[in-house]
Amino acid sequence: MTAAPPRPPRSPRFPLGLDRVHARPEGRTRGTGGEVLRPQAPLQHAAQAAAQQAAGRHQPSGLGLDSAAVRQRMVQRLRADGVRVEAVLQAFATVERHRFVDSALAIQAYEDTALPIGLSQTISKPSVVARMLTLLFEGQSARAQGHLGRVLEIGTGCGYQAALLALLGRSVVSIERLRGLHDKAVENLDGQRLGDLRLVYGDGRLGHAPRAPFDSIVAAAGGEDLPPAWLEQLAVGGRLVAPMHDAQRGGQGLLVIDRQTDGQLQRQWLDAVHFVPLKSGAA
Ligand code: SAH
């Protein structure tokens with residue numbers, strides 16, 4: 001990771017009391033049947049949840065839950081939704097999502113919802129993160145090696161997906177353009193044993209040449225066009241998964257690009273999605 005600036009001590013509210021974390025029992029949606037995956041529409045969700053809570057309809061489900069148990073429930077829901085890659089499910093069971101969001105929102109951390117992380121950005125909902133990670137695992141190198149190899153993530157945000165990637169790849173570079181979020185991710189990931197994870201502050205559209213090429217490239221923000229550096233830094237056998245404007249469809253789609261053994265690029269457009277915008281420059 002990059003050198004962390006001096007930071008205030010962790011919130012005294014962590015670790016959370018085990019009774020404060022719960023999972024919502026009902027299933028949630030996937031990106032099948034032409035529906036738009038909206039990983040990052042948290043404010044409406046948060047408002048709905050608050051209203052439900054106020055109406056007494058959103059009671060914690062289950063007795064004696066601890067955070068490992070609620071994570072396991074989330075994993076069961078992902079599995080029921082069709083996530084089949086055991087390594088991905090295991091990573092979701094391991095990383096404590098509630099540590100990456102504001103303590104006031106931690107109670108919602110294991111629901112399938114995006115949540116605000118500050119500076120108008122959101123942590124993506126688990127089902128969409130699982131979808132992206134599964135797609136990465138279906139790339140040629142990942143299938144051959146059984147892991148994601150050298151990973152580049154664009155859009156660190158709070159660092160949650162970076163933590164999952166660190167468990168699934170050999171090394172991870174994660175880039176964030178907003179200094180405030182980069183610093184928050186450094187703090188969130190501090191002290192976690194996550195192997196070779198480097199957090200970089202800068203414009204992810206440029207990729208990260210010093211550690212290129214990458215076997216897996218994943219973007220958490222959607223652009224109008226594909227930054228050329230990402231393709232230049234995609235290894236042979238590697239796969240890129242990114243939300244991107246799909247001119248034909250007229251909205252955002254999940255773009256998957258494979259660099260085949262002969263060096264040729266193969267592109268496919270998958271699910272309709274709605275991610276926060278990929279912006280230029282750092283701020
Ligand atoms: N994976 C993140 C999701 C963050 S939301 C998580 O688990 O929390 C997407 C992030 O992409 C935002 O933090 C936004 O600031 C960042 N982003 C947008 N454009 C970027 C760019 N050009 N380079 C790096 N990060 C960018």
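All ligand and atom numbering here is 1-based and tracks the order in the structure. Computed over heavy atoms, backbone and side chain alike; hydrogens, waters and symmetry mates excluded.
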Quick check: does [X] get an N/O under 3.5 Å from an N/O on ligand 1?
X: S280; result: no
X: S124; result: no
X: L278; result: no
X: I123; result: no
X: K279; result: yes
X: G155; result: yes

Under a 4.0 Å N-O cut-off, is there an ion pair linking [X] with [Y]?
X: K184; Y: E187; value: no
X: R77; Y: D81; value: no
X: R84; Y: E138; value: no

Check each atom of ligand 1 against the heavy atoms of [X] and keep those under 4.0 Å away; list them by number with element.
X: V276; value: 5 (S), 9 (C)
X: T122; value: 3 (C), 4 (C), 5 (S)
X: T156; value: 1 (N), 2 (C), 6 (C), 8 (O)
X: A221; value: 11 (O), 18 (C)
X: L181; value: 13 (O)
X: E153; value: 1 (N)
X: L178; value: 15 (O)
X: R205; value: 22 (N)

* Do any pairs count as a salt bridge (charged side-chain N to carboxylate O under 4.0 Å, His left out) and have a residue in residues 241-259, sequence neighbours left out, and if so which ones? -> R239-D258, D246-R249

* Asked: Among pairs that include at least one residue of residues 143-160, which meet salt bridge (charged side-chain N to carboxylate O under 4.0 Å, His left out), considering only residues two or more places apart or in two chains?
  -> R150-D215

Can you confirm whether the side chains of [X] and [Y] place a donor and an acceptor under 3.5 Å from each other?
X: R131; Y: S127; answer: no
X: Q161; Y: S124; answer: no
X: Y110; Y: R97; answer: no

* Structure fact -> Within the 4.0 Å heavy-atom cut-off, what L119 brings close to ligand 1 is neither

* Heavy-atom contacts under 4.0 Å between E176 and ligand 1: side chain, backbone, both, or neither? -> both

* Structure fact -> Closest to atom 18 (C) of ligand 1 (heavy atoms only, candidates P277, G180, G222) is P277

* **Same apolar cluster: L135 and V85, side chain cutoff 4.5 Å** => yes

* Verify same cluster id: L265, L240 (apolar side-chain graph, 4.5 Å) -> yes

* Asked: Around R211, counting heavy atoms of other residues, nucleotides and ligands shown, do more than 12 lie under 6.0 Å from its CZ?
  -> yes

